[in-house]
Visitor: 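This structure is in structure tokens; I'll ask about it shortly.
For this chain, numbers begin at 1 and follow the sequence in order. Only this structure's heavy atoms are used, side chains among them; waters, hydrogens and symmetry mates stay out.
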Amino acid sequence: MTTESQTNASVSKMNMDTINIGNRLKSKRLELEFDERYVATALKIPIDQVRALEANDFKYFRSVTFARGFLKSYCRLLGIEHTEMLHAFDSSREVVETTIKPVDKVNKQTHLGDPIIVFISIVIIAVLVFLVFWWPSQSTTVAVEEQQMEANESALMVEPNMETSPAIEPTMPLDESSSAPASTSDEASAPVLDESDVSTSGSVENESVAPSSVRNSSVVTGLSAETMAILEEAGVRPEDVIRATAEVPTTPAPTIPSYTDEVEVAFSADCWTEVRDATGKILFSGVKTAGSNLSLTGKAPYRIVFGYARGVSSLKFKGEVFDFSSSIRNDLARFELK
């Protein structure tokens with residue numbers, strides 16, 4: 001094997017000695033009186049590549065394929081038989097490729113003592129320690145805060161009940177004690193009254209023996225014996241005060257609208273219609289045929305477009321007829337209902 005490789009190398013070297021590709025190309029070019037620029041223009045390559053071919057500098061090209069193709073084109077331009085030239089080129093490439101290059105570059109393996117590995121290990125350990133010690137404490141603080149919030153809510157719910165319960169308890173025995181203060185107040189006020197106030201005192205006595213409904217009304221209004229005595233001295237009848245406080249103002253009943261939908265449209269011809277509410281939502285978009293109706297309810301104001309305004313026979317907004325004739329332009333109507 002060694003003898004054969006040495007023989008092939010010697011033959012290829014002899015071919016290169018006998019056929020000098022660059023010198024032959026240059027001599028033929030000068031013979032034809034071609035300059036380098038003309039060759040570069042004809043081959044559509046830079047002048048530097050033409051000079052590389054004539055100097056046998058085939059490593060100047062990006063690959064062997066490019067060098068071989070340019071060499072073949074150059075031979076055809078000069079009228080040289082390219083077979084012999086390409087054979088010499090291939091022989092020179094075989095000699096170069098058969099050279100064995102020792103592999104002496106071995107990547108260094110990383111070890112545990114590498115600074116990068118040590119730094120990454122420290123970061124990972126720090127993160128783990130942080131999670132182990134910080135996460136449980138954070139969860140316990142959150143649980144304590146939730147318990148405090150629940151305790152505050154329960155305290156707020158209990159306080160209103162404590163405030164309202166004393167007000168409810170005294171309402172039960174008021175009916176039993178209402179008659180006693182009334183009678184004592186009558187007895188205490190009787191000697192003070194003059195003869196001109198006999199009528200008022202009689203009304204007070206009649207009130208003391210009045211049915212339980214009157215007594216209940218005095219309790220509800222909160223008129224005590226002292227208040228009633230002050231009213232009598234001022235010339236005001238206590239029963240008028242009780243009657244006025246007992247009257248409950250009547251609220252007017254809500255009026256029921258006479259319409260079911262806010263927008264009602266009747267069509268006498270085919271008409272393209274689009275209705276949008278205040279939020280921009282399309283309530284309807286399409287063609288309404290002749291004789292059909294459209295009833296919609298949304299959030300005012302409404303933006304309405306009629307493609308053929310003549311096809312609309314009537315338009316009602318909240319039960320009232322709405323005139324949109326001023327918004328019509330070339331049978332197209334655009335307007336708002338507010």
Side-chain angles (χ1 to χ4, degrees), residues 1-2 4-6 8-9 12-13 16 21-22 36 40 43-74 86 88-165 274 276-283 285 298-301 303:
M1 293 294 295
T2 305
E4 292 179 358
S5 61
Q6 291 177 354
N8 293 330
S12 60
K13 185 177 180 181
M16 287 294 296
I21 298 174
E36 295 177 349
L43 298 179
K44 297 179 180 181
I45 59 176
I47 297 177
D48 296 338
Q49 294 184 1
V50 176
R51 294 173 180 172
L53 290 174
E54 293 180 354
N56 293 326
D57 187 10
F58 301 112
K59 294 181 181 180
Y60 180 81
F61 300 92
R62 289 183 294 177
S63 64
V64 179
T65 304
F66 281 95
R68 197 172 189 277
F70 292 148
L71 178 60
K72 185 176 181 181
S73 300
Y74 199 180
L86 293 178
F89 174 78
D90 294 337
S91 300
S92 64
R93 297 305 305 169
E94 289 177 359
V95 171
V96 174
E97 291 177 357
T98 52
T99 304
I100 300 175
K101 297 180 180 180
V103 180
D104 55 353
K105 184 178 180 181
V106 179
N107 293 329
K108 183 180 180 181
Q109 296 181 354
T110 58
H111 300 282
L112 295 177
D114 193 350
I116 297 176
I117 295 178
V118 173
F119 177 74
I120 294 174
S121 302
I122 292 172
V123 171
I124 294 173
I125 293 172
V127 170
L128 293 177
V129 171
F130 177 75
L131 292 177
V132 168
F133 289 97
W134 176 80
W135 185 259
S137 61
Q138 187 69 15
S139 60
T140 53
T141 54
V142 171
V144 171
E145 291 178 356
E146 291 179 354
Q147 292 178 358
Q148 290 179 354
M149 292 176 64
E150 292 178 356
N152 294 332
E153 291 178 358
S154 60
L156 292 175
M157 294 176 64
V158 170
E159 286 179 359
N161 296 330
M162 293 177 65
E163 292 178 357
T164 55
S165 58
E274 181 178 283
R276 296 173 181 263
D277 62 357
T279 61
K281 180 182 178 181
I282 298 177
L283 302 180
S285 179
K299 186 176 181 181
R303 289 179 292 174

Visitor: Going by salt bridge (charged side-chain N to carboxylate O under 4.0 Å, His left out), name the pairs with one or both residues in residues 62-73, residues two or more places apart or in two chains.
Guide: R68-D90
Visitor: How far does CZ of F89 sit from CG of L53, to the nearest 0.5 angstrom?
Guide: 9.0 Å
Visitor: Taking only residues two or more places apart in sequence, or in another chain, which ones meet F133 in a ring-ring contact (aromatic ring centres under 6.0 Å, His included)?
Guide: none
Visitor: Work out which heavy atom in A40 is nearest to a heavy atom in I47; give both atom names and the distance.
Guide: CB-CG1, 3.9 Å
Visitor: Using the test side-chain contact (heavy atoms from CB on, under 4.5 Å), find all partners of I124 that sit at least two apart in sequence or belong to another chain.
Guide: I120, L128
Visitor: On the 0 to 90° scale, with breaks at 30° and 60°, tag the F61-F70 ring pair as parallel, tilted or perpendicular.
Guide: tilted
Visitor: If the condition is side-chain contact (heavy atoms from CB on, under 4.5 Å), which residues does S285 pass it with, not counting sequence neighbours?
Guide: W272, E274, I282
Visitor: Can you list everything that forms a salt bridge (charged side-chain N to carboxylate O under 4.0 Å, His left out) with R303? Sequence neighbours excluded, please.
Guide: none
Visitor: Can you list everything that forms a side chain to side chain donor-acceptor pair (under 3.5 Å) with Q49? Sequence neighbours excluded, please.
Guide: none
Visitor: To the nearest 0.5 Å, what is the distance between OG on S91 and CG on L86?
Guide: 10.5 Å
Visitor: Can you tell me how far the OH atom of Y60 sits from the CZ atom of R51, to the nearest 0.5 Å?
Guide: 9.5 Å
Visitor: Could you give all pairs that pass the salt bridge (charged side-chain N to carboxylate O under 4.0 Å, His left out) test and reach residues 118-133, with sequence neighbours left out?
Guide: none
Visitor: For T279, what residues pass the side-chain contact (heavy atoms from CB on, under 4.5 Å) criterion, not counting sequence neighbours?
Guide: D277, K281, K299
